[in-house]
Amino acid sequence: MNSDRHAHDGRDLPTVLRDLAWTVHRLVPEVAGVPHLPTTELAVLKQILAAPGITVTELSARLGMRQSNVSVAVRGLVDRGLVARSADPADRRVTRLAPTESSFDARETIRSVWSGTVEQAMARLDDHQVAALRSAADALEALDRVLRDERGDPRVPLPRSVSG
């Protein structure tokens, strides 16, 4: 890789992407009428949706979080009716986590509103900015795959217009 490939014009793309993701994360659940989820609970819920039947120990390893923090997040999601616990049939000492119908409904609502929120904001940009964003979609999706592969995260298949 040559250094020109990583040169930029003074803007810090990773920071811009983080800020954009944070803004969307804060706005969308509120707009969608879905109760706001703390970031930790959202991260845990996304993993449970991606891997139904996962355990708290597996979640902890996958997210790089302390097991006690994951347990607190799971408890909050169970209390909200977004996650269900069940004993593993092969080993009753192991508890498996699964998304509830409410979590699937919330995910679909958030996806739908997220898409609309971003599209409405893009309508206020100039044509060159919109074209640049649309042309970057493939590269951003590839970057997402690389980052997930490095961490062993599953790829949750999402429609192209609402990835994230």
Side-chain angles (χ1 to χ4, degrees), residues 6 8 11-118 121 133 136-137 139-164:
H6 298 288
H8 56 80
R11 290 175 281 206
D12 181 9
L13 181 61
T15 299
V16 170
L17 291 172
R18 183 202 61 218
D19 291 348
L20 176 60
W22 184 251
T23 298
V24 171
H25 168 68
R26 282 184 333 188
L27 291 177
V28 172
E30 184 178 307
V31 171
V34 173
H36 178 74
L37 294 177
T39 303
T40 302
E41 287 184 20
L42 182 62
V44 168
L45 181 58
K46 286 182 73 151
Q47 290 297 317
I48 294 169
L49 284 160
I54 196 167
T55 66
V56 169
T57 301
E58 292 165 340
L59 271 171
S60 177
R62 188 171 283 174
L63 292 169
M65 293 172 55
R66 289 188 172 148
Q67 193 164 339
S68 60
N69 293 344
V70 172
S71 292
V72 168
V74 166
R75 195 170 315 121
L77 292 167
V78 168
D79 290 348
R80 294 183 202 297
L82 297 171
V83 170
R85 298 179 191 177
S86 63
D88 185 317
D91 184 349
R92 305 296 286 171
R93 297 171 296 173
V94 175
T95 300
R96 299 280 171 189
L97 305 170
T100 64
E101 200 58 42
S102 294
S103 64
F104 287 113
D105 292 345
R107 177 177 68 178
E108 291 309 312
T109 300
I110 290 170
R111 281 181 178 173
S112 175
V113 173
W114 192 95
S115 180
T117 300
V118 171
L133 289 169
L140 291 170
E141 190 173 318
L143 177 60
D144 182 43
R145 271 194 309 275
V146 167
L147 290 170
R148 287 175 185 267
D149 288 347
E150 284 179 3
R151 289 180 172 71
D153 290 346
R155 175 68 179 156
V156 180
L158 299 175
R160 211 182 193 135
S161 64
V162 291
S163 294

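No hydrogens, no waters, no symmetry mates; every other heavy atom, side chains included, goes into these values. Heads up: numbering here begins at 1 and tracks the sequence. Nothing here was measured: the structure is a model prediction, and the numbers come from that model.
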Would Thr57 and Val94 satisfy side-chain contact (heavy atoms from CB on, under 4.5 Å), going step by step from the backbone distance to the final call? CA-CA 10 Å; Thr57 301; Val94 175; over 6 Å; no
Ile54/Arg96 under side-chain contact (heavy atoms from CB on, under 4.5 Å): CA gap, chis, key distance, verdict: CA-CA 6 Å; Ile54 196 167; Arg96 299 280 171 189; 5.9 Å; no
Donor-acceptor pair, distance only, cut-off 3.5 Å: does the side chain of Ser60 make one with the backbone of Val56? no
Shortest non-hydrogen contact from Ser103 to Pro99? OG-CB, 3.1 Å
Determine yes or no for a side-chain-to-main-chain donor-acceptor pair under 3.5 angstrom, with Thr109 supplying the side chain and Asp105 the backbone. yes
I'd like to know if the side chain of Thr100 reaches the main chain of Gly81, judged simply by a donor and an acceptor atom lying under 3.5 Å from each other, with no hydrogens or angles considered. yes
Kindly compute the distance separating CG (Leu45) from CD1 (Ile110), expressed to the nearest 0.5 Å. 8.0 Å
At what distance, to the nearest 0.5 angstrom, does CG of Leu17 lie from CG of Asp144? 10.5 Å
Given 3.5 Å as the limit, does a donor-acceptor pair link the side chain of Glu41 with the main chain of Pro38, or not? no
How close do Leu97 and Leu59 get, counting heavy atoms only, and between which atoms? CD1-CD1, 3.5 Å
Inter-residue atom distance Arg62.CZ - Ile48.CD1, 0.5 Å rounding: 10.5 Å
Please name the pair of heavy atoms, one in Glu58 and one in Thr55, separated by the smallest distance, quoted to 0.1 Å. OE1-N, 2.8 Å
Under the side-chain contact (heavy atoms from CB on, under 4.5 Å) rule, what do Val44 and Val74 come out as? Steps first, then yes or no, please. CA-CA 7 Å; Val44 168; Val74 166; 3.9 Å; yes
Distance col, row Glu101:CD vs Leu82:CG, nearest 0.5 angstrom, shows 11.5 Å
Could you grab the distance from atom OG of Ser102 to atom CZ of Arg107, nearest 0.5 Å is fine? 13.0 Å
Is it true that a side-chain atom of Ser115 and a backbone atom of Arg111 form a donor plus acceptor pair closer than 3.5 Å? no
Rounded to the nearest 0.5 Å, how far does CG of Asp12 lie from CZ of Arg18? 8.0 Å
